[in-house]
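Just follow the structure's listing: the first ligand is 1, and inside any ligand the first atom is 1.
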Amino acid sequence: MTQSLPKQGESRDRIMETLAEFRHDDLDWKSGRTYGFVYDPGNDAVEIGKEAYALYLTENGLDPTSFPSLMRLENEVIAIARARASGSPDVVGTFTSGGTESIMLAVKSAREEAFGRGISIPEMVLPVTAHAAFHKAAAYLGVRPIVLAVDEESFLPDPASFAKAVTDKTILLVASAPSYAHGVIDPIEEIATIARDRHILCHVDACVGGFLLPWFRELGAEIPPYDFSVEGVTSLSMDLHKYAFTPKGASVILYREASLRARQIFACASWTGYSVVNTAVQSSKTGGPLAAAYAVLHRMGERGYRKLVEILKETTDRMIQGIEAIPSLRILGRPAMCLFSFAAEGVDVFRIADEMKKRHWYVQPQLARGGSPPSIHLTLGPTNAPLVDAFLADLRKSVEAASSSPPAEIPPEITAALASINDGLDGMGLNDNGLGNDRSDDGGLDDEAALFSGLMQAAGIENGRLPDELAPLNGLLNSLPPALVERLLIAFMNQAFR
Ligand SMILES: *Cc1c(COP(=O)(O)O)cnc(C)c1O
């Protein structure tokens, strides 16, 4: 490992070789054997995205009056997103670095609105299936998340539970179109009606699906109204770097009215330097992702996207049929588009994931939370399409292999390490309702680091590297209270990055 700057500049070849070498263990997303992380529209669109990104890499989005082309690009990209979300010309938006930033800004705007109404600790109501980014926004912005349970078959929240959860401190109701974990669409019309009747805001998280859903509907999928066509929906987030297939660093946050978006914008004229006004979180920022988004959207066009949706829809149908034909597996809920998850009866689903990895397929394990059983999540992309039969054949083999191997046992060292952590954390008041409504943050982090470090060692985790067999670790995480898992994850990252 290089410990410091080289004395003398290295050759270009050397640097590029080194970088290529560093990538050796990275996920091979071009193989079509991964389900998530990278949304690949094919070489042609990837190349134009790279070119546009490079062209704008050094332009600075800090000040759109100095780089008017960036303002123009943003307005044009927002116009496309607005049309995808059935927005009237009054709908305004901001280009952001990703879904998390879009969501944080929506929560920030709602919080400012609440401050304007004299609410000091505002509450937002969200189903347990809403993306973790809302919890992050809550933690960063001092908003209290009120988490609702969902039905254990459909994974949808009961609209009545929103009505019950609203208090005079509530500022925002949250719904997903669709949710990440199960790919199902919340009852948005009902939820937005409650928001409108109570004069509070309603955000639709269409980060993953917002861009493609209209084409799925066009091709016959059953998609209930979820966007600005629904009265009461006041903001909507839509990632471009997911199913618009643009390079990473691209999402939009849309608002029904400019007056609400004004709450998102930050200005500072009280320091000694230049006047600051930022629409989003970052200040100095590359124009790369914005230009790349513009380029890919225009290269693909309506036709290009519709063609991909045809492929994705057909692939999803075949995958779901194939998975349901395997006796011990079942699809969770009724997925709306091309991401979904499945659970296993009588087989350790985390072992299935390990077996798939041995066969060079990357699938995403999900812990049991909020009534959802332990499961495997698949986000489909066009590159997965030619491999449906191969995937299903290996999935059948993996289920068999996982069923015939003995259940994952938690090594005694881990049980011992856990016991000492439990002693150490006793009285920390870890809340175990599985909904994460109460986060107590009074633990002594230094003692904790030592305890967790022992646990990680026992679990075979070293320097940010995970063991090959993850089933025992996933089984362990699955059995622990969410608050403890969160602390463990923090300890892991804190150790992995020096
Ligand atoms: C991915 C995702 C997010 C978060 O987006 P990032 O781009 O990863 O920050 C939020 N909501 C949903 C439904 C998502 O799928």
Peer 1: For ligand 1, which atoms have a heavy atom of Val208 less than 4.0 angstrom away?
Peer 2: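 That gives atoms 15 (O) of ligand 1.
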
Peer 1: Heavy atom of Glu101 under 4.0 Å from ligand 1?
Peer 2: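 In this structure, Glu101 fails to qualify as a contact of ligand 1 - no heavy atom is under 4.0 Å.
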
Peer 1: Please state whether Lys242 comes within less than 4.0 angstrom of ligand 1, counting heavy atoms only.
Peer 2: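 Contact check Lys242 vs ligand 1: positive.
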
Peer 1: Could you tell me the residue and atom name of the protein heavy atom closest to atom 6 (P) of ligand 1, and the distance to it rounded to 0.1 Å?
Peer 2: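 Answer for atom 6 (P) of ligand 1: Gly99 N, 3.5 Å.
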
Peer 1: Has Arg261 got its NZ or CZ under 6.0 Å from the middle of the six-membered ring of Tyr255, at an angle within 45 degrees of the ring axis?
Peer 2: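 No, Arg261 does not lie over the aromatic ring of Tyr255.
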
Peer 1: Got the closest protein heavy atom to atom 9 (O) of ligand 1, with its distance?
Peer 2: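 Atom 9 (O) of ligand 1 sits closest to the protein heavy atom Thr100 OG1, 2.5 Å.
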
Peer 1: Just how far is it from atom CD1 of Ile194 to atom OG1 of Thr170, taken to the nearest 0.5 Å?
Peer 2: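 Between Ile194 CD1 and Thr170 OG1, I get 11.5 Å after rounding to 0.5 Å.
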
Peer 1: May I ask you to check if ligand 1 and Ser179 share an N or O to N or O distance below 3.5 Å?
Peer 2: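 No, no N or O pair falls under 3.5 Å.
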
Peer 1: Given Asp158 and Ser161, is the side chain to side chain donor-acceptor pair (under 3.5 Å) satisfied, shown in steps?
Peer 2: CA-CA 5 Å; Asp158 178 359; Ser161 65; 5.5 Å; no

Peer 1: For the pair Ser86 and Asp227, evaluate side chain to side chain donor-acceptor pair (under 3.5 Å) and give the outcome as yes or no after the intermediate values.
Peer 2: CA-CA 6 Å; Ser86 319; Asp227 57 12; 2.6 Å; yes

Peer 1: Is the contact between Cys207 and ligand 1 made by the side chain, the backbone, both, or neither, using heavy atoms and a 4.0 Å cut-off?
Peer 2: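 For Cys207, only side-chain atoms sit under 4.0 Å from ligand 1.
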
Peer 1: Taking 4.0 Å as the limit for heavy-atom contacts, which would you say applies to Asp205 with ligand 1: side chain only, backbone only, both, or neither?
Peer 2: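 For Asp205, only side-chain atoms sit under 4.0 Å from ligand 1.
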
Peer 1: On a heavy-atom basis, which atom in Leu62 and which in Ser284 lie closest, and how many Å separate them?
Peer 2: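 Looking at all heavy atoms of both residues, the closest pair is CD1-N, 3.8 Å.
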
Peer 1: By the definition side chain to side chain contact (heavy atoms under 4.5 Å, CB included), identify the one residue from Phe342, Tyr180, Tyr35 that meets it with His377.
Peer 2: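 Among Phe342, Tyr180, Tyr35, the one that satisfies the side chain to side chain contact (heavy atoms under 4.5 Å, CB included) with His377 is Tyr180.
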
